[in-house]
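Below is one structure, written out as structure tokens, with a few remarks after it.
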There are 2 protein chains.
Amino acid sequence: MGLSKTEEFTKTQNELAALAKALGHPARIAIVQYLIKTRVCVCGDIVDELPLSQSTVSQHLKELKKVGLIKGNIEGPSVCYCIDEKVWNRAKKMIGELFEAYQTQNCC
Amino acid sequence: MGLSKTEEFTKTQNELAALAKALGHPARIAIVQYLIKTRVCVCGDIVDELPLSQSTVSQHLKELKKVGLIKGNIEGPSVCYCIDEKVWNRAKKMIGELFEAYQTQNCC
DNA sequence: CTACTATATCGTAAAATTACGATGAATGTT
DNA sequence: AACATTCATCGTAATTTTACGATATAGTAG
């Protein structure tokens, strides 16, 4: 079916999954790494940096914007993208908590 | 195409993306949360816990096993799943570093 | 050995993802 | 006004994902 039954899971589970999913592609990892590294963040620079076409990069940017991890401000003819601090920190906290929750347990 | 051009990205980018992708579904978040919470970890219990069919749960377990986040040990007729500490900690470190790398920057 | 239980795998269908070129919209330049 | 630049969106194709029922496999019990 290809459709996840999101209604059946908790809000937290869905939010965590959405954030992880947004980062679940090497191009999108590359984009956030690039945005973190460079202070400047014009869309065209990202396109130059990635081995993908302009339209594909635009699509990946849209995915990241959808979950709020990045935001874009129009600056004349171009668009300045950057990490959205609030959402980034929220994701950091949520994902961090998920990983912290695990304590070594000698299971099977 | 639906095929990511993994060859074009760094090993780290691909590994991070694969880990994030594995966690990019609410059912798989629910599975790891459940494995963390309960000391016991029989597959059937996970199926009972989730609003999905046995075969679908098995598929999700396979995805998590593929990236190594969990491992399954055969115990008689059933299978005991649990977090793989090594991979879990590696993922925690890698994802943690990605999030730590960002420092507040007054961009656009 | 037969029957039962637990899990994986197969087959399949619907939907989503990834990717690209082409087109469109908005802004800036000449 | 005409044109170039920047980016988003549309149309489209291949592939992957999600999901389920049915079937296969392996172990346990009787």
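In the text below, chain A, chain B and the rest are named by the order of the sequence lines, each starting its count at 1.
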From A:Gln13 atom CD to B:Arg28 atom CZ, the distance as rounded to the nearest 0.5 Å: 13.0 Å
Atom-pair distance (CG on A:Leu50; P on C:dT18), nearest Å: 14 Å
Whether B:His25 and B:His60 hold their rings parallel, tilted or perpendicular, with breakpoints at 30° and 60°: tilted
Sugar-phosphate, base or nothing in reach of B:Val47, heavy atoms under 4.0 Å: nothing
Side chain of A:Ser78 (C-beta onward), nearest among D:dT6, D:dA19, C:dT7: D:dT6
Heavy-atom side-chain contact between B:Gln33 and A:Leu16 under 4.5 Å: yes
Stepwise salt bridge (Lys or Arg N to Asp or Glu O under 4.0 Å) test for B:Lys92 and A:Glu100: CA-CA 8 Å; B:Lys92 179 179 173 178; A:Glu100 296 292 347; 3.6 Å; yes
C:dT17 OP1/OP2 closer than 4.0 Å to side-chain N/O of A:His60: no
Beyond-backbone contact of A:Ile95 with B:Leu23, side-chain heavy atoms, under 4.5 angstrom: no
Measure all distances between protein nitrogen or oxygen atoms and nitrogen or oxygen atoms of nucleotides 21-26 of chain D, and list the pairs falling under 3.5 Å.
from, atom 1, to, atom 2, distance (Å)
D:dG21, N7, B:Ser55, OG, 3.2
D:dG21, O6, B:Ser55, OG, 3.2

Axis bend over the full length of the helix from C:dC1-D:dG30 to C:dT30-D:dA1, computed from five pairs that close each end, to 10 degrees: 10°
CD1 on B:Ile29 to NZ on A:Lys21, rounded to 0.5 Å: 12.0 Å
Side-chain donor-acceptor distances from residues 42-53 of chain A under 3.5 Å, at least two apart:
from, atom 1, to, atom 2, distance (Å)
A:Ser53, OG, A:Ser55, OG, 3.3
A:Ser53, OG, A:Thr56, N, 3.3
A:Ser53, OG, A:Thr56, OG1, 3.0

Strand contacts (DNA chain C) in residues 20-31 of chain A, 4.0 angstrom heavy-atom criterion: A:Lys21, A:His25, A:Arg28
5' precedence on DNA chain C between B:Ser58 and A:Gly76 (nearest-nucleotide basis): B:Ser58
Heavy-atom closest pair, residues B:Ala22 and B:Leu69: CB-CD1, 4.4 Å
A:Glu15: side-chain hydrogen bond (donor to acceptor under 3.5 Å, both in side chains) partners, not counting sequence neighbours: A:Arg90
Any donor-acceptor pair under 3.5 Å from B:Asn14 side chain to B:Thr6 backbone: yes
Within-4.5 Å side-chain heavy-atom neighbours: A:Leu35 and A:Trp88: no
Between C:dT18 (P) and B:Glu7 (CD): distance, integer Å: 15 Å
Integer-rounded Å distance: C:dC20 C1' and B:Glu8 CD: 14 Å
Between P of D:dA8 and CG of A:Leu52, the distance in whole Å: 15 Å
Intermediate values then yes/no, side-chain contact (heavy atoms from CB on, under 4.5 Å), A:Ile36 and A:Ile83: CA-CA 7 Å; A:Ile36 288 169; A:Ile83 303 288; 4.2 Å; yes
Value rounded to 0.5 Å, distance of OG1 in B:Thr104 from OH in B:Tyr102: 5.0 Å
Any B:Leu61 side-chain heavy atom under 4.5 Å of B:Ile31 side chain: yes
Residues touching DNA chain D, which here means a heavy atom under 4.0 Å, drawn from residues 61-75 of chain B: none
Side-chain donor/acceptor contact of B:Gln59 with base of C:dA8 under 3.5 Å: no
